[in-house]
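Okay, structure first, notes after.
Counting convention: from 1, in listed order, for ligands and their atoms alike.
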Amino acid sequence: MASVSKKTLLLFDVDGTLTLSQRPIEPHMKEFLLQKVKPKVTVGLVGGSDLKKIALQMGGEQVVTDFDYVFAENGLIAYKNGVDLGSQSILKYMGEAKLQAFINYCLRYMSELALPCKRGNFVEFRTGLINVCPVGRSCTLEEREAFHRFDLEHGVRDKFVAALRQEFPDAGLVFAIGGQISIDAYPEGWDKTYCLRHLEAECFEQIHFFGDRTEADGNDHAIYVDPRTIGHKVSSFEDTRRQVEELLRL
Ligand code: M1P
């Protein structure tokens, strides 16, 4: 790359890019980001999860001051140097009646599924998205892995997404398979590119995005192919580190 300065932003997806799925960041990876990368360039995080979960994975609430930018829920919750940049909500966007119609449909659909196991918390209502989870988010890590294997074999979530697209063609919603066990539903344009609107006035010379789910139906795809970013596909947090070292010549 030409020159490296604070006018270059490195923006990282969290799950699968900086950490193992749903696990905390390895101490050496966090140290690498804060001690080696952050002194050279501006560093931001953009995750589909809520801020509480991102903070848990990244070592605590100080995540919002550790990193220059933290965008939770794709940037609907946004922090710059620990300062809240404001939030948007799916409730405001959809209204209660449409929201309930959607949730009721999902609960009905999931009630018909036979899976290796079902637990609790099938619909998680977040500020900017609705996370729908056939196995239930309160499953254990083993149950999560078991559902994931079952889903790869039987396409549970692919079929669910197809049904949602058919049932709600004009709702202006996107249905994305982001992680291992669930589907994210959110308004069009509220994918990870949403966070870029917080960066428009900052005049970065380059914005590099690193993500693992960059395939067409992955939740990193939109920002990965967005012309405002330079996309980097990674296969693990070790791969992220390798690619960053190469990019910044560390
Ligand atoms: O990787 C990001 C995704 O992480 C979780 O997905 P799952 O629980 O299915 O592995 C969820 O927080 C999801 O919303 C998020 O996009």
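- When heavy-atom distances to ligand 1 are checked against a 4.0 Å cut-off, E124 has no atom that comes that close, whether in backbone or side chain.
- Below 4.0 Å from some heavy atom of S49 lie the following atoms of ligand 1, by number and element: 12 (O).
- Using 4.0 Å as the threshold, R144 has a heavy atom nearer than that to some atom of ligand 1.
- Residue contacts with ligand 1 for Q22 involve side-chain atoms from C-beta outward but no N, CA, C or O (heavy atoms, distance under 4.0 Å).
- Every atom of ligand 1 is numbered from 1 in the order shown, and the set under 4.0 Å from a heavy atom of S182 is 6 (O), 7 (P), 8 (O), 9 (O).
- Y186 and I223 sit in two unconnected hydrophobic clusters of ILVMFWY residues. Membership requires side-chain heavy atoms under 4.5 Å apart, directly or through other members.
- The pair D13-K192 counts as a salt bridge, with a side-chain nitrogen and a carboxylate oxygen less than 4.0 angstrom apart.
- A centroid separation of less than 6.0 Å is found between the aromatic rings of F160 and Y109.
- No heavy atom of K53 sits closer than 4.0 Å to any atom of ligand 1.
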Can you give the donor-acceptor pairs under 3.5 Å from side chains of residues 26-40 to other protein atoms, not counting sequence neighbours?
from: K30; atom 1: NZ; to: M58; atom 2: O; distance (Å): 3.0
from: K38; atom 1: NZ; to: D66; atom 2: O; distance (Å): 2.7

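- Using a 4.0 Å heavy-atom cutoff, R137 is listed among the residues neighbouring ligand 1.
- The contact set between ligand 1 and N219, taken as ligand atoms under 4.0 Å from a residue heavy atom, comprises 2 (C), 16 (O).
- Note: the hydrophobic cluster containing Y69 does not contain L45 (ILVMFWY, side chain heavy atoms under 4.5 Å, direct or indirect links).
- Residue I181 touches ligand 1 through backbone and side chain together, judged by heavy-atom distances below 4.0 Å.
- Using a 4.0 Å cut-off between charged side-chain N and carboxylate O, K80 and D68 make no salt bridge.
- With respect to the salt-bridge test (charged N to carboxylate O, under 4.0 angstrom), the residues E245 and R241 qualify.
- Against a heavy-atom cut-off of under 4.0 Å, D15 is close to the following atoms of ligand 1: 1 (O), 4 (O).
- Between L129 and ligand 1, not a single N/O pair is under 3.5 Å apart.
- Of the candidates N74, D184, D212, D50, D184 brings a heavy atom nearest to atom 14 (O) of ligand 1.
- Shortest contact from atom 3 (C) of ligand 1 to any protein heavy atom: G179 N, 3.9 Å.
- D50 has no carboxylate O lying under 4.0 Å from a charged side-chain N of K52, or vice versa, which leaves the two without a salt bridge.
- For F204, there are no ring pair (Phe, Tyr, Trp, His ring centres under 6.0 Å) partners, not counting sequence neighbours.
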